[in-house]
> 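A single structure is presented below for examination.
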Protein chains: 2
Amino acid sequence: MTSVRNRSRLRKGEGEQLRREILAATRDLLAEKGSHDLVSIRDIAHRVGVSPPSIYLHFETKDQLTYAVCREAFEGFGARLLPILAGEGDALDRLRRVGEAYIRWGLDNAALYPVLFLGEPPESMEHEVMAGDPGLLVLAGLVALVRLGMDEGAIRGDSTPEATAWAMWAAVHGTVLLLSSKREWMQSHLAEADTPIGIPGVDELIETVIEAVFRAFSPADG
Amino acid sequence: MTSVRNRSRLRKGEGEQLRREILAATRDLLAEKGSHDLVSIRDIAHRVGVSPPSIYLHFETKDQLTYAVCREAFEGFGARLLPILAGEGDALDRLRRVGEAYIRWGLDNAALYPVLFLGEPPESMEHEVMAGDPGLLVLAGLVALVRLGMDEGAIRGDSTPEATAWAMWAAVHGTVLLLSSKREWMQSHLAEADTPIGIPGVDELIETVIEAVFRAFSPADG
DNA sequence: CCGATCACTTACCAGCGTTCACTTACCGGC
DNA sequence: GCCGGTAAGTGAACGCTGGTAAGTGATCGG
């Protein structure tokens, strides 16, 4: 059932191996259950084939374990978006592509996304780790790109670069969350209701949002 | 401390009184703790001055209780937004005002907002109650207003009314969530970091988002 | 005054994150 | 070859959680 592996005790220098196995098991369980509080420390320990306290030899709290797992996948987020931000094309075009990539990544990682983008990071995160946070790097890159675009006249300068970048972030952030929670629920529970609210298709909404952001921040006289 | 009231047993027909006291205590605790899973059934019972199982005489589960509390405040959401949707002014202007009202309401009810707009409603909600849901009413009104605006030529018709309305929803939804969770955290934890990411002001971001939505869905040749 | 009903309570369950005290197995040094 | 130190891991428990089953008393209509 939950696949208890026949784990034999590791050799003396090999303790780190368990850490990796815990991360992997947590990642799998998170993907299976879909939410991090449906995954218990006992579940994880059982799947790894180890007793619950052993988890705490490698992670201080459950939150830190969860965050470590999400953070691992989070590197893929940076790897996908940063090249676009720093890549070719004019600023608006890059923004359009990074926006779409953001939404796609969020939907592909629907179980992890809320942990990373809704909750707060665990208290005891080192500043060093924090500084390398892909989310912060992307945000910084986004602000920089918006600023560049404004200087070039490719992005309208009605608002500050920060406010503009955050507005774009808000749009894709909201889109990911609506699509991954509200849309699915509405479609299954509202089908035969007497208030038939139209529900847009996933791709349709993504394109609408991206094009809207594109238009909204194009220079005044298009 | 947690204010145990000296509750004496109620008379025979007055059972509903406890229900109201539970709702009130839950509302207060929710506001104090800021998140619904920091409030336990035992906390609520203690504050009301009653034993924990008594809660279950009036609410099936904790989720339903939480949702009932949020739902109560949710009526205020409908009361604030529906008149704007059905009010005066052209479609774009009404959309602008309803968008700003949405964000303001979300920020004013930051502890309740995620319960209503992120989690799923509890399983056993009657269809009747569901149909009167202010959120659904507002969404339906929004779609209708967008459709009207498109017919009048006041809103561009590149996308379907549903996708357009959802895109607007995504923008304000994302804005509320970023402002109420990420912004505060960043401001306190990122102040002295070596990656000084600019953080926009609350009002500044709201105005940027609203104006961006306004421009994005204005007709092609402004 | 009696029996039904309402308004609760006491005692408990399984499961949670987490901690403490303890054992087991390996490894370098004598 | 054994010995001490240490890394790796365990069993039992703590205090908490949401939730339930069964019982207790007051109150009310007849």
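Order of the sequence lines fixes the chain letters, A, B, ..., with proteins taken first and strands second; residue numbering starts at 1 for each chain. Treat the numbers as computed from the prediction; the structure is a model and nothing was measured.
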> What does nucleotides 7-16 of chain C look like as a protein-contact string, B for base, S for sugar-phosphate only, - for none, at under 4.0 angstrom between heavy atoms?
BBBBB----B

> Considering only heavy atoms of chain A and a distance under 4.0 Å, specify the first and last nucleotide of DNA chain D in 5' to 3' order that meet this criterion.
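The contacted stretch runs from dG5(D) to dA13(D).
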
> What pairs with I84(A) under side-chain contact (heavy atoms from CB on, under 4.5 Å), at least two apart in sequence or on another chain?
R97(A), V98(A), A101(A)

> Got a sec, which residues hit ring pair (Phe, Tyr, Trp, His ring centres under 6.0 Å) with F59(B), two or more places apart in sequence or on another chain?
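F59(B) satisfies ring pair (Phe, Tyr, Trp, His ring centres under 6.0 Å) with no residue once adjacent residues are dropped.
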
> Is the number of heavy atoms from other residues, nucleotides or ligands within 6.0 Å of CD (E32(B)) greater than 12?
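Above 12, so yes.
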
> Do Y113(B) and H173(B) have a side chain donor and acceptor closer than 3.5 Å?
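A pair is found: one side chain offers a donor N or O, the other an acceptor, under 3.5 Å apart.
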
> Under 4.0 Å from any atom of DNA chain D, heavy atoms only: list the residues of residues 111-120 of chain A that qualify, in numerical order.
none

> Give a yes or no on whether the backbone of V39(A) and the side-chain of D43(A) come within a donor-acceptor separation of less than 3.5 Å.
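No, D43(A) side chain to V39(A) backbone: no donor-acceptor pair under 3.5 Å.
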
> Is there any side chain to side chain donor-acceptor pair (under 3.5 Å) pair reaching into residues 174-183 of chain B, and which pairs are they, with sequence neighbours excluded?
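For residues 174-183 of chain B: R183(B)-Q187(B).
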
> Ignoring hydrogens and angles, tell me if any N or O in the side chain of R147(B) forms a donor-acceptor pair with the backbone of P161(B) under 3.5 Å.
no

> With the side chain counted from C-beta on, respond yes when T61(A) and T66(A) share a heavy-atom pair under 4.5 Å apart, and no when they do not.
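With C-beta onward as the side chain, the pair stays apart.
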
> Ring centroid separation for F74(B) and Y67(B), is it under 6.0 angstrom?
no

